[in-house]
Amino acid sequence: MVIVDNRKAFHDFFIEERLEAGIMLEGWEVKSIRAGRVQIKEAYVIHKNGDFYLFGCHISPLLNASSHVVPDVVRTRKLLLKQREIDRLAIKVDRSGYTVVPINMHLKNGFIKLEIGLAKGKKQHDKRQNEKDREWVREKARIVRDATKQG
C-alpha cells in the first residue's frame, strides 16, 4: 500500500535501478506516516560514514502525540540496507555521477519501507522532450476519440 509518491523524482531524474530500504523511525513518526502526514517531495538520500540517510523528509506530528516527546519534523533518518547493497550504491554514487532519490514510501507486512532509486539527472532539453512526448500521446488519443465519435 503506497503512502506517498515522489512524482518530482521522475521529472528530474532518469531512474535506472530501484531498491527497497527500511527506515529507522520513532513511534510518533510511524503513527504520523500511517495517517499520511508525510512529504518526500523535497527529500533526498545522502551517503555519509558508510551509510545512507534520508534527508529533508517532512513528517508532521499528530496533534495527540505524546507530551514527553519533542518531535523534530525534518530530522535525518537512517536507511536500513544490506551491506552489499550499501557498497554497490556507494561506488556508483561516488564515482559514476549517480544519485539516490526517494521514489515512494509504502507499507509492507506492517513495516514502513522506502523505495529508493539509483538515478542520473535530466538536462533541461530532456525534460522538454518528455513534455512534448506526453502532449503528443494526449493529442493522438484526442484525435482517435474524435474520429470514432464522427465515424
Side-chain angles (χ1 to χ4, degrees), residues 1-138 141-142:
M1 183 177 107
V2 175
I3 298 168
V4 65
D5 273 326
N6 186 3
R7 293 190 191 118
K8 188 177 179 192
F10 293 100
H11 182 263
D12 294 340
F13 299 99
F14 292 114
I15 308 295
E16 296 189 5
E17 185 179 337
R18 294 176 174 216
L19 285 165
E20 188 176 67
I23 315 169
M24 288 184 72
L25 297 170
E26 296 177 357
W28 70 269
E29 293 173 327
V30 174
K31 289 180 180 181
S32 294
I33 290 171
R34 285 178 182 262
R37 299 175 59 99
V38 61
Q39 180 188 18
I40 60 172
K41 185 177 177 182
E42 300 296 324
Y44 55 96
V45 178
I46 55 174
H47 180 247
K48 185 170 70 172
N49 299 332
D51 284 317
F52 284 93
Y53 295 91
L54 180 63
F55 189 79
C57 176
H58 188 277
I59 300 175
S60 301
L62 295 173
L63 296 175
N64 57 357
S66 300
S67 59
H68 67 282
V69 177
V70 179
D72 183 10
V73 295
V74 289
R75 74 178 181 89
T76 304
R77 296 162 181 92
K78 185 177 180 180
L79 295 182
L80 305 173
L81 293 163
K82 294 187 176 190
Q83 189 62 46
R84 176 173 16 118
E85 294 170 336
I86 292 173
D87 294 339
R88 190 170 48 82
L89 284 177
I91 289 171
K92 289 192 175 186
V93 167
D94 292 340
R95 295 186 189 154
S96 303
Y98 285 96
T99 187
V100 181
V101 294
I103 296 173
N104 73 34
M105 195 175 286
H106 59 274
L107 284 172
K108 182 176 180 182
N109 298 331
F111 294 101
I112 295 173
K113 302 287 186 172
L114 181 73
E115 187 175 2
I116 57 176
L118 187 64
K120 205 168 203 61
K122 285 185 181 179
K123 304 280 191 268
Q124 188 65 34
H125 65 274
D126 293 329
K127 294 178 189 177
R128 287 190 196 116
Q129 186 61 41
N130 280 353
E131 187 67 30
K132 286 178 186 176
D133 293 342
R134 261 190 305 231
E135 287 178 13
W136 173 237
V137 168
R138 268 192 233 122
R142 191 176 299 123

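With values rounded to the nearest 0.5 angstrom, Leu25 atom CG is found 8.5 Å from Cys57 atom SG. The CD1 atom of Ile40 sits 6.5 Å away from atom CG of Asn104, with the distance rounded to the nearest 0.5 Å. Atoms CD1 and CD1, on Ile86 and Ile91 in that order, are 12.0 Å from each other to the nearest 0.5 Å. With values rounded to the nearest 0.5 angstrom, Asp133 atom CG is found 9.5 Å from Glu135 atom CD. Atom CG of residue Leu62 and atom CZ of residue Arg34 lie 12.0 Å apart, to the nearest 0.5 angstrom.
Take Arg142 and apply the side-chain hydrogen bond (donor to acceptor under 3.5 Å, both in side chains) test, not counting sequence neighbours, and it matches Glu139. With sequence neighbours left out, the side-chain hydrogen bond (donor to acceptor under 3.5 Å, both in side chains) criterion links Arg134 to Glu131. Scanning for side chain to side chain contact (heavy atoms under 4.5 Å, CB included) contacts around Asp87 gives Gln83, with sequence neighbours left out. A search for salt bridge (Lys or Arg N to Asp or Glu O under 4.0 Å) contacts involving Arg7 returns nothing, not counting sequence neighbours. Take Glu20 and apply the salt bridge (Lys or Arg N to Asp or Glu O under 4.0 Å) test, not counting sequence neighbours, and it matches Lys108. Every salt bridge (Lys or Arg N to Asp or Glu O under 4.0 Å) that Asp12 has, sequence neighbours left out, goes to Lys127. Shown here are the side chain to side chain contact (heavy atoms under 4.5 Å, CB included) partners of Glu42, two or more places apart in sequence or in another chain: Lys8. Looking at residues two or more places apart in sequence or on another chain, you find no side-chain hydrogen bond (donor to acceptor under 3.5 Å, both in side chains) involving Asn49. Arg18 pairs by the salt bridge (Lys or Arg N to Asp or Glu O under 4.0 Å) definition with Glu115, not counting sequence neighbours. Applying the side chain to side chain contact (heavy atoms under 4.5 Å, CB included) rule to Lys120 yields the partners Glu16, Tyr98; only residues at least two apart in sequence or on another chain are considered. In terms of the side chain to side chain contact (heavy atoms under 4.5 Å, CB included) criterion, residue partners of His47 (sequence neighbours excluded) are, by chain and number, Phe52, Ala90, Asp94.
The environment of Phe14 atom CZ is dense: over 12 non-hydrogen atoms of other residues, nucleotides or ligands sit within 6.0 angstrom.
Residues Val101 and Ile116 have side chains not in contact (no heavy-atom distance under 4.5 Å, counting atoms from C-beta outward). Residues Leu89 and Leu19 are in side-chain contact: their nearest non-hydrogen atoms beyond the backbone lie under 4.5 Å apart. In this structure, the side chains of Val93 and Val45 stay at 4.5 Å or more apart for every pair of heavy atoms. For the pair Leu54 and Thr76, the minimum side-chain heavy-atom distance is 4.5 Å or more. Between Trp28 and Ile59, the closest side-chain pair of non-hydrogen atoms falls below 4.5 Å. Counting heavy atoms from C-beta outward, Val100 and Leu118 have side chains that approach closer than 4.5 Å.
Across all non-hydrogen atoms, the minimal contact from Pro102 to Asn6 is O-ND2, 2.9 Å. In terms of heavy atoms, Ala9 sits closest to Ile15 at O-CD1, 4.3 Å. When all heavy atoms of Leu79 and Ala21 are compared, the closest pair comes out as CB-CB, 4.4 Å.
Among pairs with a residue in residues 67-82, those fulfilling salt bridge (Lys or Arg N to Asp or Glu O under 4.0 Å) read Glu26-Arg75, Glu29-Arg75, Glu29-Arg77, Asp51-Lys78, at least two apart in sequence or across chains.
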**OP:** Any chance you could lay out the side-chain contact (heavy atoms from CB on, under 4.5 Å) test for Met24 and Leu80, step after step, and finish with the verdict?
**Re:** CA-CA 7 Å; Met24 288 184 72; Leu80 305 173; 3.5 Å; yes

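A distance-only check finds a donor-acceptor pair linking the side chain of Ser32 to the backbone of Ser60 [under 3.5 Å].
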